[in-house]
2 protein chains.
Amino acid sequence: MPKPSPAAEMMPAPAAGKGGALASPLAGSPAFLVRLAQLRAFDEFHRQFANFGVTPAGFSVFALVIANPGLRPGAIAEELRVKPSNVAVLVNGLVAAGLVRREPDPAELRASLLHPTRAGQTLWQDMEQTQRETDARFTEALTPEERGQFVALLRKLLHR
Amino acid sequence: MPKPSPAAEMMPAPAAGKGGALASPLAGSPAFLVRLAQLRAFDEFHRQFANFGVTPAGFSVFALVIANPGLRPGAIAEELRVKPSNVAVLVNGLVAAGLVRREPDPAELRASLLHPTRAGQTLWQDMEQTQRETDARFTEALTPEERGQFVALLRKLLHR
DNA sequence: GGCGATTATTATGCGCCTTAACAATCGGGG
DNA sequence: CCCCGATTGTTAAGGCGCATAATAATCGCC
């Protein structure tokens with residue numbers, strides 16, 4: 001091992017007896033920690049959005065449609081870094097829930113323009129508030145400054 | 001709206017035409033960004049571990065067994081914040097791949113003690129190196145200092 | 001010796017993502 | 001003008017990762 005990184009050092013693991021804490025070789029891995037964080041975020045979402053009948057992925061699509069009425073599915077796929085086939089299924093769910101409708105584009109008959117329904121616009125008010133609460137809970141262990149740093153680092157990390 | 005938060009403000013979204021960038025109301029949401037980051041981490045893992053025949057979840061279980069020989073499934077479930085039933089399936093995969101073996105515990109016949117096989121120990125050398133490369137790629141947009149901050153913030157966030 | 005608690009596993013289902021196949025439309029070159 | 005490759009969208013099928021519920025075996029204790 002070339003350099004002794006401060007974190008993520010592996011202890012000798014003394015027999016892994018039930019007594020002490022066990023060695024966590026992945027505790028210093030960003031990718032692993034992100035996976036754990038996403039589990040927690042998912043949990044929080046489920047608790048808060050239990051009454052809304054939407055899933056995390058569906059919610060992200062809905063948020064984009066609300067913020068960009070007339071959006072096309074392809075643009076959503078690009079923004080969410082997901083394949084268009086996946087977007088189609090999620091939009092189906094939103095249409096079935098009566099939150100979104102597909103409208104034909106007169107100048108581009110292949111595409112469908114996505115608009116929120118009136119019911120969708122109404123429900124969004126509550127959802128937006130709930131989303132803020134979800135994020136607050138998710139990051140409740142962080143100070144406001146740390147939360148800002150966290151978001152900034154995530155955005156830099158994701159900036160392909 | 002009482003106070004103008006610096007991030008995550010929603011623009012009027014002028015017709016969502018194909019010309020300009022679209023409004024991203026979730027760009028300031030930690031939970032949403034973590035989900036995107038996890039997608040990227042998963043992608044990176046698949047690229048790097050394509051030849052090892054293990055999945056991300058299987059790898060995390062394997063890493064724990066390597067670091068803690070004689071570990072019991074329940075301890076893994078607790079450490080990874082998943083249900084024991086899930087661990088059993090993942091261990092099945094590792095056993096089938098010849099990386100891990102289940103051994104009876106003489107003092108606790110309900111439990112099985114997990115040990116890496118010799119082949120598993122050998123393969124782990126390469127996996128450990130590959131994992132470091134995966135994390136390096138995952139965080140390549142960050143400076144070393146930022147990477148350290150990122151890990152520290154994640155750990156604080158997760159510290160239930 | 002029996003009975004609730006603990007440990008592990010299998011079976012089943014859902015969410016989310018992928019690739020592959022198909023359909024419809026667009027747009028430009030012959 | 002028509003055809004054909006490219007674009008856009010959708011459905012179908014599959015895999016991973018998680019959950020809950022049901023089952024089995026063992027443990028500890030009265």
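Convention: sequence-line order gives letters A, B, ...; per-chain numbering from 1.
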With respect to the side chain of [X], which nucleotide from [options] is positioned closest?
X      : options                : answer
A:S85  : D:dC16, C:dC17, C:dT19 : C:dT19
A:N92  : D:dT11, D:dG17, D:dC27 : D:dT11
A:R110 : D:dA6, C:dT18, D:dG17  : D:dA6
B:L109 : D:dT10, D:dC27, C:dC17 : D:dC27
A:R35  : D:dT20, D:dC18, D:dT8  : D:dC18
A:K83  : C:dT18, D:dG9, D:dG17  : C:dT18

Give a yes or no on whether a salt bridge exists between B:E140 and B:R137, defined as a side-chain N under 4.0 angstrom from a carboxylate O.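 Looking at B:E140 and B:R137, the cut-off is not met.
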Looking at residues 47-58 of chain B, who's got a heavy atom less than 4.0 Å off DNA chain C?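 Here the set is empty: none.
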What integer distance in Å separates [X]:[atom1] from [N]:[atom2]?
X      : N      : atom1 : atom2 : result
B:Q38  : D:dC16 : CD    : C1'   : 11 Å
A:D43  : C:dG15 : CG    : P     : 15 Å
A:F59  : C:dG15 : CZ    : P     : 17 Å
A:E78  : D:dG9  : CD    : C1'   : 15 Å
B:R102 : C:dT10 : CZ    : C1'   : 11 Å
A:L90  : C:dC16 : CG    : P     : 7 Å
A:H46  : D:dG17 : NE2   : C1'   : 13 Å
B:D105 : C:dT7  : CG    : C1'   : 11 Å

What is the nucleic acid contact for A:A88, judged by heavy atoms within less than 4.0 Å: base, sugar-phosphate only, or nothing?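 Base contact.
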Contact class for B:P84 (heavy atom, under 4.0 Å): base, sugar-phosphate, or nothing? base
Are A:N86 and C:dC17 close enough that a side-chain N or O sits under 4.0 Å from OP1 or OP2? yes
Would the distance check show the side chain of [X] and the main-chain N or O of [Y] forming a donor-acceptor pair, the cut-off being under 3.5 Å?
X      : Y      : value
B:R147 : B:T139 : no
B:T117 : B:G98  : yes
A:R40  : A:F138 : yes
B:E133 : B:T130 : no

With a cut-off of 6.0 Å (strictly less than), are more than 12 heavy atoms of other residues, nucleotides or ligands near CD of A:E78? no
Between A:E79 and B:S24, what is the shortest heavy-atom contact and its length? OE2-OG, 2.5 Å
Whether the side chain of A:S112 and the base of D:dT8 hold a donor-acceptor pair under 3.5 Å is what I'd like checked. no
Residue pairs passing the ring-ring contact (aromatic ring centres under 6.0 Å, His included) test with at least one member in residues 60-99 of chain A, sequence neighbours excluded, are A:F62-A:W124
DNA chain D: 5'-proximal contact among A:L39 and A:A111 (nearest heavy atom): A:A111
